[in-house]
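Everything on this sheet refers to the single structure shown next.
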There are 2 protein chains.
Amino acid sequence: MEKVHTECKGKIRAIHDTLDILSGKWKIAIIGSLGFGTRRFMELQREVEGIGAKMLSKELRELEINDLVKRTVLDTKPVTVEYQLTEYGKTLQDIIDEMMKWGENHRKRIMSESPKEAELI
Amino acid sequence: MEKVHTECKGKIRAIHDTLDILSGKWKIAIIGSLGFGTRRFMELQREVEGIGAKMLSKELRELEINDLVKRTVLDTKPVTVEYQLTEYGKTLQDIIDEMMKWGENHRKRIMSESPKEAELI
DNA sequence: CAGCATCCCTTAAGATACTG
DNA sequence: CAGTATCTTAAGGGATGCTG
């Protein structure tokens with residue numbers, strides 16, 4: 001019984017490790033977006049609805065620090081910047097996929113329960 | 001090109017739906033803990049390290065509202081309360097599992113990079 | 001275009017003390 | 001045991017304006 005408890009704590013801790021890396025309101029959505037391919041700053045901002053430039057750049061920087069996202073400055077004028085997942089960042093894809101699946105299913109569930117309210121979301 | 005963009009947004013939105021439900025610093029860890037079985041309030045507090053009673057009860061209430069967790073008051077004295085995942089709550093297990101896997105792997109990665117720092121975590 | 005600086009406000013969340 | 005109530009602080013995050 002004691003051992004079971006101990007093992008659970010390790011698992012819970014692993015979840016926390018992941019959560020720490022992905023903390024913030026937007027990181028997972030950003031990674032999800034980059035999962036579809038390379039994106040520029042503005043493209044990300046359009047795709048991740050509701051995010052402001054400040055948050056976007058901050059979250060991107062943190063993701064870059066953790067080696068999940070690669071930032072490439074292109075020598076154009078005006079300057080263009082591309083973001084893409086690193087190989088390590090791509091290892092998050094399974095989590096993202098599960099979240100997308102769940103979210104899509106959840107929306108269906110809500111809609112079948114109370115279609116009226118769901119439309120408002 | 002336009003269609004692709006539109007489809008991505010739907011996916012990103014699905015991620016957001018999921019994230020909204022799982023928002024908060026502790027919900028995912030709580031669900032992870034309950035994934036191992038029924039837990040009482042105090043057991044949860046011990047297992048989800050660092051969480052305070054206030055946050056725990058608040059997060060549990062929100063999870064209950066979203067039909068992810070079931071709360072059962074046992075008629076003992078002093079009162080005992082049990083928490084467990086609902087059937088719907090169990091559908092989050094795939095996400096949780098992926099997060100555990102990733103977190104465990106990430107810890108290994110960090111350790112092999114800089115063992116000294118990793119010990120401090 | 002990409003992003004930083006600044007200001008400002010709301011929310012999250014910790015600490016502490018108390019109750020049925 | 002299983003919470004609630006209250007207070008306080010730290011952080012998150014939005015809006016706006018500016019720059020290379």
Side-chain angles (χ1 to χ4, degrees), chain A residues 1 5 12-13 15-16 19-31 33-34 37-66 68-85, chain B residues 1 5 12-13 15-16 18-34 37-66 68-85:
Chain A
M1 200 58 177
H5 230 98
I12 306 297
R13 190 164 155 180
I15 293 177
H16 264 300
L19 253 28
D20 284 344
I21 301 274
L22 300 178
S23 68
K25 195 176 172 182
W26 309 100
K27 287 205 188 68
I28 296 182
I30 292 171
I31 295 171
S33 182
L34 291 176
T38 299
R39 292 284 187 275
R40 295 194 322 208
F41 192 86
M42 282 305 281
E43 289 178 322
L44 278 174
Q45 200 173 353
R46 269 191 296 269
E47 208 157 275
V48 182
E49 284 175 277
I51 195 171
K54 183 180 112 181
M55 278 302 113
L56 181 54
S57 85
K58 184 192 148 212
E59 303 272 65
L60 281 169
R61 206 178 319 123
E62 291 174 13
L63 290 172
E64 204 189 342
I65 289 172
N66 283 308
L68 298 173
V69 164
K70 182 163 179 287
R71 179 176 181 273
T72 312
V73 182
L74 302 178
D75 194 12
T76 55
K77 55 170 178 167
V79 61
T80 315
V81 182
E82 279 183 0
Y83 291 92
Q84 54 195 301
L85 293 182
Chain B
M1 199 59 178
H5 230 97
I12 306 296
R13 189 164 158 182
I15 293 178
H16 265 301
T18 305
L19 253 29
D20 284 344
I21 301 276
L22 300 178
S23 68
K25 195 175 172 182
W26 308 101
K27 285 205 189 69
I28 296 181
I30 291 170
I31 294 170
S33 183
L34 291 176
T38 299
R39 293 284 188 275
R40 295 197 320 210
F41 191 86
M42 282 305 280
E43 291 178 321
L44 278 173
Q45 200 172 352
R46 269 192 296 271
E47 208 158 274
V48 182
E49 284 176 278
I51 195 171
K54 183 182 110 178
M55 276 303 114
L56 182 53
S57 85
K58 184 192 148 212
E59 303 272 63
L60 281 169
R61 206 175 318 125
E62 290 174 13
L63 290 172
E64 205 191 340
I65 288 171
N66 282 309
L68 298 172
V69 165
K70 181 163 179 286
R71 179 176 180 271
T72 312
V73 182
L74 301 178
D75 193 14
T76 56
K77 55 170 181 167
V79 61
T80 314
V81 181
E82 280 184 359
Y83 291 92
Q84 54 194 301
L85 293 183

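Just so it is clear, the model here is predicted, and its values are computed rather than measured.
Counting only heavy atoms from C-beta on, A:Tyr83 has its side chain closest to C:dG3 among C:dG14, C:dG3, D:dG20. Side-chain proximity of A:Thr80 to C:dA2, C:dG3, D:dG3: nearest is C:dA2. Listed candidates were D:dG14, D:dC1, C:dA13. Nearest to the side chain of B:Met55 is C:dA13. When each of D:dG3, D:dC7, C:dA2 is scored by its nearest atom to the side-chain atoms of B:Val81, the top-ranked nucleotide is D:dG3. Listed candidates were D:dA2, C:dA13, C:dA2. Nearest to the side chain of B:Lys58 is C:dA13. Listed nucleotides: D:dG3, C:dG14, C:dC4. Nearest to the side chain of B:Lys25: C:dG14. Set against D:dA2, C:dA2, D:dT6, the side chain of B:Lys54 has D:dT6 as its closest nucleotide.
Between B:Ile30 and B:Ile51, the closest side-chain pair of non-hydrogen atoms falls below 4.5 Å. Considering only heavy atoms from C-beta on, A:Leu60 comes within 4.5 Å of A:Leu44 through its side chain.
Residue A:Arg40 places at least one side-chain N or O closer than 4.0 Å to OP1 or OP2 of C:dA2. In terms of phosphate contacts, A:Arg39 brings no side-chain nitrogen or oxygen within less than 4.0 Å of OP1 or OP2 of C:dC1. Phosphate contact (OP1/OP2 of C:dC4, side-chain N/O of A:Arg61, threshold under 4.0 Å): present.
Nearest-nucleotide mapping onto DNA chain C: of B:Ile51 and B:Val79, the residue sitting toward the 5' end is B:Ile51.
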